[in-house]
Amino acid sequence: MSYGKTGSGAGHAPATEGGQAPQETGTPQQGQPPLQLLESPGLAGFLATRGISLAFTTYQAGKIFFVGVNRAGRISVFERTFPRCMGLSVSNGTIWMSSLFQLWRMENFLDPGQLYQDYDAVYVPVSGHTTGEIDVHDMTEGPDGRPVFVATRMNCLATLDDRHSFVPIWKPPFIDAIVAEDRCHLNGAAFEAGAARYVTCVATTNFRRGWSDRRRDGGVILEVPSGEIVAEGLSMPHSPRLYQGRLWVIQSGRGLFGHVDPRTGAFETVCELPGFARGLGFVGDHAIIGVSGPRKDKTFEGLELNERLAAAGKEPICGVLVLNLKTGEVEHLLEIRGVVSELYDVAVLPGLKRPMALGFMADDIRYVLRPAPLATP
């Protein structure tokens, strides 16, 4: 990686250093509380010993965050701004991320062992595809290198080509048209080898926002491509994942994390969660889960999660949890307070200690260059 510009300001990118005391980052709007990130004592050690870092998105604040460990052994948090960023996937070192009306591919411009300002990864958005506002949620990289993603507003799975906004590749059998109506809130996909094997819907409705009145118990998991219902009676299911031979899922409306037996549809709870959960990754015998504070609107009203927390006298929290799959215990937490109150997706970045990224709010991206080798005849 090289810069086409020199000087004291070239390539400068501020980061936030977390610690035992609350740390503040970002510039809140007038009247908004500052952003605080509070780590549990063992979080930095957990990341360091497993040789990973984390990334998570918040559509509410329009940011992607990178969480790693610096040379002092403390949590390092780096943020970049993208409008309404949501879906997040890591495939062979590439990050795919959706934003308000675009889908981005981000590549690490550093070679293995190379550092830039003590960061061991510099992710650069090298290409963006304008999908239009189709509300892209979960995604992965397909076998052909193109992304495969959930287009929630269009009620389908989709990919990209060079001539269209997006290319629908599958829809639930109860959906009769590809229209921008978010009829069933198809929101999550469990991928295997670059293809969706299961998807989650908040309800099996076929009219505009029909799912909204079925949030409490209308959720289903569908098998792909058959469309067969393998689990039902769920409450706002999100983030289905295949891992260690099990189909994991979050029941966001009930605040439950667990796994489903696709043969019987039975859901087994592993842990009750302290907030409205979306975003799920894994490392070893641990799950990485994003939780949010529910909004005060109809979408989040009347849910069992709110009733359970209220009965216990607890307020929902926003943050990233590290949960032991064997014990069901939350072992580590990065709690987020202030201007950020909702997360969407989380991802594990293997082999990276302290990543950062470039965005479009500063000039850095104009001068960062990583040309391919000169082609030989």
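Every value quoted in this text rests on a predicted model; they were computed, and no experiment measured them. Excluded from the calculations below are hydrogen atoms, water molecules and symmetry mates; all remaining heavy atoms, backbone and side chain alike, are included.
Between Leu160 atom CG and Thr131 atom OG1 the span is 7.5 Å, to the nearest 0.5 Å.
Residues Tyr367 and Leu358 have side chains not in contact (no heavy-atom distance under 4.5 Å, counting atoms from C-beta outward). The side-chain heavy atoms of Ile221 and Val249, taken from C-beta on, include a pair separated by under 4.5 Å.
Using modelled atom types, one side-chain atom of Asp138 and one backbone atom of Ala189 make a donor-acceptor pair closer than 3.5 Å. In this structure a side-chain-to-backbone donor-acceptor pair under 3.5 Å is missing from Arg80 to Phe65.
In summary, Asp161 and Arg163 do not engage in a salt bridge, as defined by a charged side-chain N under 4.0 Å from a carboxylate O. Using a cut-off of 4.0 Å between Lys/Arg side-chain N and Asp/Glu carboxylate O, Lys326 and Asp285 are scored as salt-bridged.
Around the NZ atom of Lys171, the shell of radius 6.0 Å holds more than 12 heavy atoms that belong to other residues, nucleotides or ligands.
A side-chain N or O of Thr200 and one of Asn187 form a donor-acceptor pair less than 3.5 Å apart. Judged by distance alone, the side chains of Trp104 and Ser99 do bring a donor and an acceptor atom under 3.5 Å apart.
The six-membered or imidazole ring of Phe46 lies near that of His286, with a centre-to-centre distance under 6.0 Å.
Seen from the ring of Tyr344, Arg278 does not count as a face-on cation partner, given the 6.0 Å and 45° thresholds.
Residue Phe109 is grouped with residue Ile365 when hydrophobic side chains (ILVMFWY) are merged at heavy-atom distances under 4.5 angstrom, including chains of intermediate members.
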